[in-house]
Amino acid sequence: MAATFHVKVLTAEGQLYESDRAEFVVVPSADGEMGVLDRHVPLVALLKPGPMTVTEEGGDEDVLYVSGGFADISRDAEDRTTVTVLADSGERAHDIDEAAAEESRRRAQEMLAGKLSAEDYAEAAGMLERSVGRIRVAEISRRRRASRGERAMR
């Protein structure tokens with residue numbers, strides 16, 4: 001049995017996620033996906049929009065979307081690993097409205113196809129990145145639910 005550690009995800013809206021049973025966490029760092037196990041070296045990482053997964057004791061897995069921010073991997077007073085994510089925004093995979101995310105992606109692509117000021121271009125590019133990330137997280141969650149259903153039927 002792997003050692004467990006504490007994970008908390010905070011957004012401007014409040015606490016999105018918390019668990020004391022995490023065995024493995026993957027965050028979308030600016031330098032690529034970063035996996036965290038117990039006893040990980042302390043660090044602070046810049047996050048990009050994308051999927052964050054938390055595998056808990058017993059194999060349960062939670063998938064979240066984070067739209068950027070920071071991940072702080074540290075140790076508490078008892079020298080236990082803690083992962084705190086301060087995200088610009090985020091949501092759990094099962095709460096994502098895939099149709100709305102797809103519509104947002106389409107609108108962003110249309111905006112980017114036109115003539116835009118540098119400011120409007122940056123805003124449209126950010127909208128596209130967020131919507132694609134949300135769609136990706138929803139698809140990951142849907143595939144994992146389907147594979148769990150197939151295993152349960154065997």
Evaluate the side-chain proximity of [Y] to [X]: yes if any heavy-atom separation is below 4.5 Å, no if none is.
X	Y	answer
Tyr17	Asp62	yes
Gln109	Val132	no
Pro42	Ile73	no

Going by an N to O cut-off under 4.0 Å, is there a salt bridge joining [X] and [Y]?
X	Y	answer
Glu103	Arg106	yes
Arg134	Glu91	yes
Asp79	Arg39	yes

- Query: Under 6.0 Å from the CD atom of Glu119, do we count more than 12 heavy atoms belonging to anything else shown?
  - Reply: no

- Message: Looking at Ser131 and Leu128, would you say the former's side chain and the latter's main chain have a donor-acceptor pair under 3.5 Å?
- Response: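 At least one qualifying donor-acceptor pair exists.
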
Strictly by modelled atom types, are [X] and [Y] linked by a side-chain donor-acceptor pair under 3.5 Å?
X	Y	answer
Glu57	Thr4	no
Ser89	Thr11	no
Thr82	Asp76	no

- Carefully, step by step, assess Arg75 and Arg80 under the rule side chain to side chain contact (heavy atoms under 4.5 Å, CB included). CA-CA 5 Å; Arg75 302 270 168 68; Arg80 292 185 50 212; over 6 Å; no

- Message: Within this structure, what is the CG-CZ distance for the pair Leu47 and Phe70, rounded to the nearest 0.5 Å?
- Response: 8.0 Å

- Task: Enter the distance from Ile96:CD1 to Tyr65:OH here, rounded to the nearest 0.5 Å.
- Result: 8.0 Å

- Task: Return the minimal non-hydrogen interatomic distance between Val36 and Phe5, and the atom names on each side.
- Result: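 Smallest interatomic distance, heavy atoms only, reads O-CZ, 3.6 Å.
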
